[in-house]
Amino acid sequence: MIDIKLLRDEPEVVRAALAKRNSALRIEDALETDAKRRALVYEVEQLRAEQNVASEAIGVKKKAREDASDAIAAMKTIKDRIAVLEEQVREVDEALRYALLTMPNIPHDSVPPGASEVDNREVRRWGTPRVFDFEAKDHVDIAEKLGIVDFECGAKLAGARFSLSKGAGARLERALINFMLDVHTQEHGYTEVLPPFMVNSACMEGTGQLPKFASDSFRVENTDYWLIPTAEVPVTNIHRQEILSADALPLYYAAYTPCFRSEAGSYGKDTRGMIRQHQFNKVEMVKLCAPEDSWEELERLTANAETILQRLGLPYRVVTLCAGDLGFSSAKTYDLEVWLPGQNAYREISSCSNFADFQARRANIRFKRDKKPEFVHTINGSGLAVGRTAVAILENYQEADGSVVIPEAIRPYMNGLERIATATA
RNA sequence: GGAGGAGUAGCAUAAUUGGUAAUGCAGCGGUCUUGAAAACCGCCGCCUUCGGGCUUGCAGGUUCGAGUCCUGUCUCCUCCGCCA
């Protein structure tokens with residue numbers, strides 16, 4: 001949520017931000033609603049002040065056993081007037097709240113302009129895509145031949161966009177989860193948390209999934225529970241409605257969770273394989289910090305995610321998302337794209353964002369260093385998407401005979417296994 | 001799932017038949033002191049158009065006025081049932 005004061009005092013800044021994002025959203029109605037709300041609230045408060053004074057006088061009279069019926073009758077009028085005004089405040093409040101909750105974040109100055117992903121800017125590359133002396137297969141062919149992923153069975157158990165990992169395939173994902181968590185907790189200073197995989201609506205609103213993007217997530221019927229689309233939701237909301245002490249910052253959390261996404265609107269996209277599924281595993285990094293530190297913290301968090309790719313020897317590039325491709329809540333996002341020989345392309349494997357105070361304002365996460373509480377800044381990023389990491393390993397480390405070499409970094413997590421040649425290897 | 005009890009500032013405790021949230025500790029600032037402690041004074045939840053308004057888990061209701069009465073709801077505790 002952007003600051004209502006920014007909208008009120010510098011509407012041109014908000015207009016420019018919306019234009020940069022290629023958004024057609026208008027702010028005139030919100031401004032008008034805000035002015036109306038402030039006038040109403042002022043009037044209510046004036047009446048309430050009058051009421052408080054009169055009420056106290058009635059109390060004094062009653063104590064002295066004097067008659068106060070005239071004053072009480074007079075108060076009745078004010079009471080009714082307040083009731084009418086308050087109903088109006090409620091309506092206007094709701095309208096303004098909705099307007100603010102559906103307004104996207106202001107992109108940072110360093111975010112390049114652009115309408116879609118074609119305008120994203122490459123920042124750097126690491127590693128060199130391997131040159132194969134045989135025809136590189138994609139992960140579906142590799143995994144099915146090895147018998148370590150069963151897509152048919154995923155469809156039988158749940159439906160399209162689900163799969164069943166088996167044997168070394170299941171072990172590989174578990175190994176990756178442990179490897180990533182160990183690196184982030186032991187080397188990068190993150191505290192591991194294991195949050196609920198379902199959250200309530202307040203959390204979804206806090207991080208920006210609601211009210212605008214309800215159809216992207218799964219809701220549990222007849223409850224207020226949502227399956228988390230990312231660990232970002234429960235982990236950021238750990239400190240919802242809290243005022244943290246300044247010396248508690250920065251907070252670093254790392255969490256493994258499965259993620260559930262409806263993938264509405266992506267019909268026909270990535271239908272093959274494990275690239276885009278309704279459920280996938282992810283290790284997520286989340287930071288809460290002081291405002292002046294958040295840009296540096298974003299760079300460091302991105303570097304933390306890159307470390308995983310480097311340790312696994314997977315070539316990748318880093319791109320800065322352009323304003324038009326930027327997520328709703330984000331002020332700036334770096335995508336890490338891993339090289340996939342099976343697609344002959346770089347594909348997103350991590351998304352690292354600084355939300356500035358946008359989520360903190362929604363979730364009301366503050367800290368106190370002087371007299372006034374201030375909103376923290378929130379940063380998060382995948383470290384990494386586990387399913388896509390497994391895909392990248394299968395494709396980058398495949399051999400001509402169909403086997404897959406296991407990167408050295410995770411062999412300790414695979415009971416020393418050096419190569420997957422069969423499901424039970 | 002059933003029965004009972006409890007939620008008041010960071011913590012701990014008050015508030016008469018409903019009368020407008022008190023006190024202690026902790027913390028911050030000051031006086032005093034070589035420094036510190038003690039003592040004393042002030043601050044010690046949020047918003048504000050600086051008039052004031054709001055705040056007793058949350059949301060409503062009754063009332064001129066609600067920590068107190070009523071309804072709903074959440075969390076925690078105890079017991080029973082069930083369960084991993």
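Naming convention: chains lettered A, B, ... in sequence-line order (proteins, then strands); numbering from 1 in each chain. These values consider heavy atoms only, across backbone and side chains, with no hydrogens, waters or symmetry-generated copies.
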For atom [atom1], what is the distance between [N] and [M], given to the nearest Å?
{"N": "B:rA38", "M": "B:rA26", "atom1": "P", "value": "8 Å"}
{"N": "B:rC32", "M": "B:rG27", "atom1": "P", "value": "22 Å"}
{"N": "B:rG42", "M": "B:rU49", "atom1": "C1'", "value": "28 Å"}
{"N": "B:rG30", "M": "B:rG65", "atom1": "C1'", "value": "39 Å"}
{"N": "B:rU68", "M": "B:rA14", "atom1": "C1'", "value": "13 Å"}
{"N": "B:rU78", "M": "B:rC44", "atom1": "C1'", "value": "36 Å"}
{"N": "B:rU63", "M": "B:rC70", "atom1": "C1'", "value": "12 Å"}
{"N": "B:rG52", "M": "B:rC69", "atom1": "C1'", "value": "29 Å"}

- Query: Do A:H377 and A:W295 have ring centres separated by under 6.0 Å?
  - Reply: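 No, the ring centres sit 6.0 Å or more apart.
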- Query: Do A:F328 and A:F358 make the cut of ring centroids closer than 6.0 angstrom?
  - Reply: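 Distance test on ring centres: under 6.0 Å, yes.
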Can you say whether the rings of [X] and [Y] are parallel (under 30°), tilted (30 to 60°) or perpendicular (over 60°)?
{"X": "A:Y413", "Y": "A:F179", "result": "perpendicular"}
{"X": "A:H139", "Y": "A:F151", "result": "perpendicular"}
{"X": "A:Y190", "Y": "A:H188", "result": "perpendicular"}

- Message: Show me the dot-bracket string of RNA chain B, counting Watson-Crick or G-U pairs under 3.5 Å, with | for pairs to another strand and [ ] for crossing ones.
- Response: (((((((..(((......[...))).(((((.......))))).(((....)))..(((((..]....))))))))))))....
- Query: Of all the nucleotides listed (B:rG19, B:rC46, B:rU48), which has the minimum atom distance to the side chain of A:P373?
  - Reply: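 Output: B:rC46.
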In whole Å, I'd like the distance from the [atom1] atom of [X] to the [atom2] atom of [N].
{"X": "A:K368", "N": "B:rC43", "atom1": "NZ", "atom2": "C1'", "value": "11 Å"}
{"X": "A:R48", "N": "B:rG51", "atom1": "CZ", "atom2": "P", "value": "21 Å"}
{"X": "A:Q241", "N": "B:rC58", "atom1": "CD", "atom2": "C1'", "value": "11 Å"}

- Task: Output, in order, the C-alpha distance, side-chain angles, deciding distance and verdict of salt bridge (Lys or Arg N to Asp or Glu O under 4.0 Å) for A:K36 and A:E91.
- Result: CA-CA 11 Å; A:K36 197 170 163 191; A:E91 285 167 21; over 6 Å; no
- Message: Does B:rG4 count as syn, meaning its glycosidic angle lies within 90° of 0, or as anti?
- Response: anti
- A:K287/A:D293 under salt bridge (Lys or Arg N to Asp or Glu O under 4.0 Å): CA gap, chis, key distance, verdict: CA-CA 11 Å; A:K287 293 183 173 185; A:D293 299 329; over 6 Å; no
